[in-house]
Amino acid sequence: MRISYNWLKDYIDLNISPERAAQLLTMAGFPVEAVNKIPGDCLFDIEVTSNRGDCLSFLGIARELSAITGSKLKMPLSLRGRSPKQSQKTGLLRPFGARNDKEIQSAVSVKVEDKKLCPRYTARVIRGVKVKESPKWLTKRIEAMGLRPVNNIVDITNFCLFETGEPIHAFDLDKISGSHVIIRRAKKEERVLTIDGIEKILNETDLVIADEDKVIAIAGVMGASNTEVTDSTKNILFEAAYFDPVTIRKTSRRLGLSTESSYRFERSVDISNIAYSSNRAGELVIDLAGGEGGEFVDIGIKTGGEISITLRYPYLDKILGLALPRSEVDRILESIGFNISSHSDGKVKLKAPQFRQDIRREIDCIEEVGRIYGYEKIKETIPSIVEGGDRLPFNRIVDNRIKDTLNGLGMDEATTYGLLSKKILIMSGLEGNIRDKNIVELKNPLTSDQEVMRPSLLPGLLNSMRWNINRKAALINLFELGKVYTKDGNGRFREAEHLSLGLVGEARAFWFEGARPASFFDLKGIVETLLSELGVDSPSFERIEDSLFSPAAAASITVNGDKVGVIGEISGQVLADFDIKEKIFASELDIDAILNYAKLEKRFKGLPLYPSVVRDMSIIVDEGASNAELIASMKSAGGSILKNVELLDRYKGKQIPEGKIGLTYRLEYQDLMKTLEDKDVVRLHANVIKELEQKFAITLR
Amino acid sequence: MKEKIDEITQEALKEIESAKGDRASLEAARVKYLGRKGMITELFKSMAQVDPAERPEAGRLINILKDNVTKALDDQLLSLAKVEEAGGRLDITLPGISRRLGKKHPITKTIDEILGIFISLGFRVVEGPEIETEYYNFEALNIPLEHPSRDAFDTFYIETVDRRPETVDQKYLLRSHTSPVQIRFMEKNKPPFSIVVPGKVYRPDATDASHSFMFHQVEGLAVGDNIRFSDLKGILSIFARRIFGSKTRLRFRPSFFPFTEPSAEVDISCIICKGQGKCSVCGGKGWLEILGAGMVNPRVFENVGYDSEKITGLAFGMGVERIAMLKYGIDDIRLFFENDIRFLRQF
């Protein structure tokens, strides 16, 4: 909210610089975001939190400064009341409720149909005004607030809104049919042309001000042009009221129309101050536009009811970590408008000021004491936080291990958005998810780029890889750990942690040995190393068909029969859709599934006492033979003595017949109970070879 | 005997000298003099024929001879080795063979640092779902429907055409802050406890250099029978000084959050201009807002069935991107999510 420092000084004597005042306000919970010096004035941009509707005015801010500085608040004349003589002249300070006044025959009537949505409504008539330009002092005030002066009547309503925080609306009385003002709910699809020149379509939840045959204002939001004050207006009707904050907020939000008025009603105005604000506006009109005060109708409750609160001094000290003298607590509370009713036994009974709609409970009073006393004066203490249990949940320990391991393998961590477009899902071969309706969709996306929650990390990863490819990166190796989101047949949502990995470019680009493109096996090696580091035993890789991957290399990764992930080369179609020319290798792992198998705790196993014997074996076999099956056969023939089999070389060339492949394996034999004798090894190794000959028709090279 | 020794000495040293730089000749000389049938070995063997009275002197002379020849050969071989190695001299300015480490994302690094500080203070890490209900995201945190306090929490809602929505338990949304985890945790646990909650949150903000529709928060909550506002100040001061440096000053300003009371916004002295108020990062104010905090509102305790008379709690929340941007001097929030490796590899 904007505050003009000059104008503010009408309500409080301040012997401090604007900067100092700004600092005091900031430290009392009203952060001054900017102090703009303009010729002859200084403008504050003050942030008022949503609980402090009472401070959306010059008087509200002055009241706060008065509490902080001790300088007295200067209420404007009419709010203090005037001498009876003056009041007779203006006709405004007779007992409120002109219907009680026998001198005036009321020509206006007010009917509130919904007292819940409009607990108080006042209408004040002033007849015979002269609509013209405002005097200089008033236009200056209006301009300081960044508004354009309109005419004296409209300017006065704006002036009063800023001064008191109570929105006041002026109707042209002669345009109100029958002079009957009705506060009612709008009818379905009722239409009204508001003063911004745009027709609004209303519904039954909106509150309107109407006359006998039309809507003359959307309550608390904006007046209709049909009763707008114009240069020819002679008689006016001032509305000052209290409207239900929720109703005003709903209407304002539905219409996308936030006004100075709706902003204040949403945050609740001071119901007990309405007549005074109306009075102030009326007086200004008579001063500046002439005319005579007429009827004043005031319907509904006059106050919001008194809020009595008992504050326990020891409880206050306990919450704040202070030991404040009770007299100091009382002084602070009184300075911000609380009334002290009585003291008893470490307690004080308080009455909250009417304008503080936000004060309801003891804790609210404690906050007020802390706020005015000053947070900066509360000394820092350290609590003794003693708690057992793990500092980190297991899944985060695993996450950290994954990140450390992948970093060690040269992979950079990426973070992509959890929201994606449907288009990128389709580009990534995931249209099946959309078809099966198992993706989570947003009701109110901002753009089509953010319309669904990701069911996989790979579309986002591919997007990031494309970004880097387009920027000519030589080697891109990215991973991301994050959640994916799906919906089951019953509409239940599931969040699962996944890991994506992607590799593209030159796997080695050293002067030492020359470049080589990254391959499926580079990525597979990374996945194997990672799983091994997580203590996940013997994952198996099986060929699959998957629309994301090329038939050349696509595999599922399973552990103990559970599918925990996929790995492969991204298919040509997907690459084409992403407009990527390079071969990309990618993998996605279900970390929640892997957690079931992860073993991070280590137990020492005794070192073998007896040496192992190593035998290399070069074989020729059909090119289609599976390495995994060959090794499985060797292990089954070798038994527990065959500790390890490693592929050393894979060769296709002159000495190898067409359709065959040359493989060299290194077999390590070891007996944990004794030193292996040569004859044992010879026998076992012969068994292994025999098994391979029988099963795979291998020949030795 | 002595003459013979002198003669061999002369001859051997001369031969070794002339074999300089030639490994084969040097090796031949070694065999000729020191080998099993070498001349010096033969001299030792011939000692048996020497007059016993002269033997000690002869032995001494032969040993001197052996030492001299051995030394001459070793010297020649050593200098030869140096020459040979120099011939295979490397260009030591060639680059080392890179074993590049991958990097953690700066958001991960920042979250880890934040969590590490709070873990050291006795907090433990807890997580919760990103798809939340209106109840946990708002109602339970004392943020009523249609209340202006919701203005700060514009929210993405989830399409639930296949359900009957209407109640707050069935209206699903993407959490707009990590605070729902406070409620979920308190529903299942009894105080005392102290937790920190990292995670992603979503708000429908148009993306620009300082706004993102997805970002990260870390939330903290400590509840017990004697947790005070002064403790909140103490804990957050330790945190700020550890993460931004020991000279960091803090400022607690009264503020309003529906789920805490009293509430505070916490500023640190500007890390760029050291609080002088002279730079664009702090907008000339000298302070940077980094945290929202406060004492848990008794209504929140009542919503989870705690006795708000017996226990108190402190809570705080911070935006991770903001802290990372300040720490690393990053000026555009979008950089975090583009994953440009030229960016990622800087951290």
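Below, read A as the first sequence line, B as the second, and so on, with proteins coming before strands; counting in each chain starts at 1. The structure displayed is predicted, hence computed values, not measured ones.
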Is there side-chain contact between E480(A) and N339(B), with at least one heavy-atom pair below 4.5 Å? no
In terms of heavy-atom pairs under 4.5 Å with chain B, the winner among L461(A), L419(A), N463(A) is L419(A)
Heavy-atom check, side chain of H216(B) versus side chain of T415(A), under 4.5 Å: yes
Among the options T49(A), T381(A), D358(A), pick out the one with the most heavy-atom pairs lying under 4.5 Å from chain B. T381(A)
In terms of heavy-atom proximity below 4.5 Å to chain B, should V440(A) be classed as side chain, backbone, both, or neither? side chain
In terms of heavy-atom contacts, R391(A) and G122(B) come closest through NH1-O, 2.8 Å
Walk me through whether I158(B) and K487(A) qualify under side chain to side chain contact (heavy atoms under 4.5 Å, CB included). CA-CA 11 Å; I158(B) 304 242; K487(A) 190 167 65 173; over 6 Å; no
Would you mind checking which part of P198(B) comes under 4.5 Å of any heavy atom in chain A, side chain (CB onward), backbone (N, CA, C, O), both or neither? side chain
Please classify the contact of M465(A) with chain B as side chain, backbone, both or neither, using a heavy-atom distance under 4.5 Å. neither
Between E413(A) (side chain only) and H105(B) (backbone N and O only), is there a donor and an acceptor less than 3.5 Å apart? yes
Cut-off 4.5 Å, heavy atoms of chain B, and the answer for D364(A) is both
Against chain B, label L475(A) side chain, backbone, both or neither, depending on which of its atoms sit under 4.5 Å from a heavy atom there. backbone
Side chain from CB out, backbone as N, CA, C, O: work out which of these in I238(B) comes under 4.5 Å of a heavy atom of chain A, or both, or neither. side chain
At a heavy-atom separation under 4.5 Å, does F336(B) approach chain A through its side chain, its backbone, both, or neither? backbone
Is the shortest heavy-atom distance from the side chain of Q450(A) to the side chain of Y202(B) under 4.5 Å? no
Chain B heavy atoms under 4.5 Å from R312(A): which part of the residue, side chain, backbone, both or neither? side chain
Under 3.5 Å donor-acceptor, R253(B) side chain and A28(A) backbone: no
Are the side chain of E261(B) and the backbone of E367(A) linked by a donor-acceptor contact shorter than 3.5 Å? no
Examine whether an atom of D205(B) lies under 4.5 Å from a heavy atom of chain A, and if so say whether it belongs to the side chain, the backbone or both; otherwise answer neither. backbone
I need the residue from R99(B), M295(B), H147(B) with the largest number of non-hydrogen atom pairs under 4.5 Å to chain A. H147(B)
pair E146(B)-E266(A): side-chain heavy atoms closer than 4.5 Å: no
Side chain to side chain contact (heavy atoms under 4.5 Å, CB included) for N468(A) and D340(B)? Distances and angles first, verdict last. CA-CA 6 Å; N468(A) 284 294; D340(B) 192 313; 3.6 Å; yes
Salt-bridged, E302(B) to R361(A), with N to O below 4.0 Å? yes
Check whether any side-chain heavy atom of E127(B) lies under 4.5 Å from a side-chain heavy atom of E497(A), and answer yes or no. no
Looking at E338(B), R251(B), R299(B), which has the largest count of heavy-atom pairs under 4.5 Å with chain A? E338(B)
Nearest heavy-atom contact between Y417(A) and S212(B) is CE2-OG, 3.9 Å
Holding to salt bridge (charged side-chain N to carboxylate O under 4.0 Å, His left out), I want the full list of residues that pass it with R100(B), two or more places apart in sequence or in another chain. D412(A)
Of the non-hydrogen atoms in R228(B) and L320(A), which two are nearest, and what is the gap between them? CB-C, 4.3 Å
To the nearest 0.5 angstrom, please state how far the OH atom of Y172(B) sits from the CZ atom of R492(A). 9.5 Å
Taking C-beta and beyond as the side chain, do R253(A) and R150(B) meet within less than 4.5 Å on heavy atoms? no
Comparing R52(A), R396(A), E362(A) against chain B, the one with the most heavy-atom pairs below 4.5 Å turns out to be R396(A)
Under the 3.5 angstrom rule, does the side chain of K318(A) hit a backbone N or O of D225(B) as a donor-acceptor pair? yes
Tell me whether N444(A) contacts the main-chain N or O of Y157(B) through its side chain, where contact means a donor paired with an acceptor under 3.5 Å. yes
Side-chain touch L478(A)/L344(B), heavy atoms, less than 4.5 angstrom: yes
Highest number of heavy-atom pairs under 4.5 Å with chain A among N297(B), L174(B), T312(B), V126(B) belongs to L174(B)
I need the minimum non-hydrogen distance between S237(B) and E380(A), along with the two atoms involved. OG-OE2, 2.6 Å
Closest non-hydrogen contact found for P262(B) with I319(A) is CD-CG2, 3.9 Å
Looking only at atom types and distance, does a side-chain atom of K200(B) sit under 3.5 Å from a main-chain N or O of G418(A), one as donor and one as acceptor? no
Give a yes or no on whether K310(B) atom NZ has more than 12 heavy-atom contacts from other residues, nucleotides or ligands under 6.0 Å away. no
If you count heavy-atom pairs under 4.5 Å with chain B, which of P245(A), P393(A), G482(A) comes out on top? P393(A)
Heaviest contributor of heavy-atom pairs below 4.5 Å to chain B, chosen from L481(A), L406(A), D404(A), is D404(A)
Where on I131(B) is there a heavy atom nearer than 4.5 Å to chain A: the side chain, the backbone, both, or neither? both
Of A473(A), G53(A), S50(A), the largest count of non-hydrogen pairs under 4.5 angstrom with chain B goes to S50(A)
Name the region of F347(B), side chain, backbone, both or neither, that has any atom closer than 4.5 Å to a heavy atom of chain A. neither
Hey, does I378(A) have a side-chain heavy atom less than 4.5 Å from the side chain of F252(B)? no
Interchain contact, L115(B) with chain A, by part (heavy-atom threshold 4.5 Å): side chain
Worked check of salt bridge (Lys or Arg N to Asp or Glu O under 4.0 Å) between R175(B) and E495(A): CA-CA 13 Å; R175(B) 67 178 179 194; E495(A) 296 179 26; over 6 Å; no
Please evaluate residues L392(A) and V125(B) with respect to the criterion side chain to side chain contact (heavy atoms under 4.5 Å, CB included), reporting the C-alpha separation (whole Å), side-chain torsions for both, the decisive distance (0.1 Å), and the verdict. CA-CA 5 Å; L392(A) 275 179; V125(B) 178; 3.6 Å; yes
Using modelled atom types only, decide if a donor and an acceptor are shared between the side chain of N226(B) and the backbone of P383(A) within a distance under 3.5 Å. no
Mind ranking S255(B), G294(B), P298(B) by heavy-atom pairs under 4.5 Å with chain A and telling me who comes out on top? P298(B)
Could you label the plane-to-plane angle of the F229(B) and Y375(A) rings as parallel, tilted or perpendicular, counting under 30° as parallel and over 60° as perpendicular? tilted
Chain B contact via E368(A) - side chain, backbone, both or neither, heavy atoms under 4.5 Å: neither
For M411(A), is it the side chain, the backbone, both, or neither that has a heavy atom closer than 4.5 Å to a heavy atom of chain B? backbone
State the CZ-OG1 distance between F493(A) and T160(B), to the nearest 0.5 angstrom. 6.5 Å
